[in-house]
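Residue numbering restarts at 1 for every chain, and letters A, B, ... go by the order of the sequence lines.
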Amino acid sequence: MDIAQLMHLYISGEETYDSGDIIIEEGSTGDWIYIIQEGQAKVTKRTAAGIVAIDTLKKGAVFGEMVLLGKNQEKRSASVVAADGPVKLGVLDFQLLLRDYDSLSPQLRSLIDALVRRLKETSERVAALVVAANQRRKVA
Amino acid sequence: MAGTDENSFPVVTLKYRQGDLIIKQGDYGISIYRIVNGEVLVYQESTEKDVPLATLGPGDVLGEISFLKKGGERRSASAKALEETVLEVWHPSMLSKEYQGMPPMLKYITDQLLTRFLRMNHLLVQLTSREIQQREAMQKEDPLNSRRRYYRKAVDMACHYRPVDVPAKVRLPGRIKDISLNGIGIEIRMQNTKEFSHVEGDSFVISTALPNGKNLELKARIVSLTTTGTPGRVFTGMSVTELSDDARKLLGFFLMP
């Protein structure tokens, strides 16, 4: 079975967003995991100096997965905003994914958790540097 | 499925003493470590000074990036034990087998997570090196030009100072209210001016600790003395007369917007 067919089994619903709509809000709680079926979305982070975009997600990208794959990761670590709308999303079946996740060895789960944390930390540092670069541009 | 049983992983336990090197930057290696107890410092080695990246404790995993990049990768950072530390070493080939055989949807998502992490890491390296280049470029600029950039920063930092011609044990208290590469404004107690001469043209040695913990010392000459709104306090505007190269660098970093 290829990934497209498999995906079908995991998608439990569909949602559509217009450009600028917030799909996931940083700091909120929620365990929905999405896959982009059409359009693009931007990943943004809040900083002391405002909101900065750090990444763009395209068709096939899964987001919201950190809540499932990270330990002690209850809050959304970044916002996801529909960028190139209408953005069509598939909502993945959390229970099905959780069953997959529970079948992993504790070691592999720790490894994936470490990856989630590294991604989170790296994103935070990127956001801070983007802010610093923007501010310097304004000063110069 | 294979690997779901915790006991199916051969686990080796290693003990490290304080200061022992666990991972050496630049080495080849794909072993993964999990901290059982103790504390580990991850740091980037560089020619000038090691850059601390993270402090890890019990339950944290170490060395996962080289493993996930599928081996053949040099270690991107060093790690050493900060105290007596016990680590579990995981067998990379068994873990690798389990990773490859993960439920396909979960593997699809984890692979994306890794790609996203590598993309962010690449961006981080790019942005950091750009930041360093710009800082260096700013330092190379002539002082006249950089005066525009090194604006006078409003601060509130404790300092102590003394007239240049008295012994170093004299420490008059003050609070720095603004600072630039050329000038410094200090709020002092009126009492200070009664103990030592504080008139226009008097020179002082001023010491303070910057927020990064580094000590800054410079010499400056009084150009103005004004009363503040607070009784018993005086504000002195001074012109910097002596600043060592190191202190200039230190202050330059601190003043950067």
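By a heavy-atom distance cut of under 4.5 Å, S110(A), L111(A), I112(A), A114(A), L115(A), V116(A), R117(A), R118(A), L119(A), T122(A), S123(A), R125(A) are the residues of residues 109-125 of chain A near chain B, going up by number. Proximity to chain B among residues 23-36 of chain A is limited to I35(A), judged by heavy-atom separations below 4.5 angstrom.
For the pair D55(A) and F63(A), the minimum side-chain heavy-atom distance is 4.5 Å or more. Considering only heavy atoms from C-beta on, V240(B) comes within 4.5 Å of L243(B) through its side chain. You'll find the side chain of I54(A) stays beyond 4.5 Å of the side chain of L123(B), heavy atoms only. Taking the side chain as every heavy atom from C-beta outward, S31(B) and W90(B) never approach each other to under 4.5 Å. Side-chain contact check for M157(B) versus F254(B): some heavy-atom pair is nearer than 4.5 Å.
The contact between L92(A) and chain B is made entirely by side chain atoms (from C-beta outward), counting heavy-atom distances below 4.5 Å. Only the side chain of Q112(B) has a heavy atom closer than 4.5 Å to any heavy atom of chain A.
Counting only residues at least two apart or on different chains, the salt bridge (charged side-chain N to carboxylate O under 4.0 Å, His left out) pairs with a member in residues 29-40 of chain B are R34(B)-E88(B). Counting only residues at least two apart or in different chains, salt bridge (charged side-chain N to carboxylate O under 4.0 Å, His left out) contacts with residues 175-184 of chain B comprise R152(B)-D178(B), D156(B)-R175(B), D156(B)-K177(B).
Here the closest heavy-atom approach between residue Q18(B) and residue L82(B) is recorded as CG-O, 3.2 Å. Across every non-hydrogen atom of A127(A) and T47(A), the tightest pair is CB-CG2, 4.0 Å.
With respect to chain A, the highest number of heavy-atom pairs below 4.5 Å among L113(B), V61(B), D60(B), I32(B) belongs to L113(B).
Atom CD in E65(A) sits 9.5 Å away from atom CD in Q73(A) (nearest 0.5 Å).
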What verdict does the salt bridge (charged side-chain N to carboxylate O under 4.0 Å, His left out) test give for K88(A) and E15(A), after you've listed the backbone C-alpha separation in whole Å, the side-chain angles of each residue and the deciding distance to 0.1 Å?
CA-CA 6 Å; K88(A) 228 179 102 188; E15(A) 291 181 3; over 6 Å; no
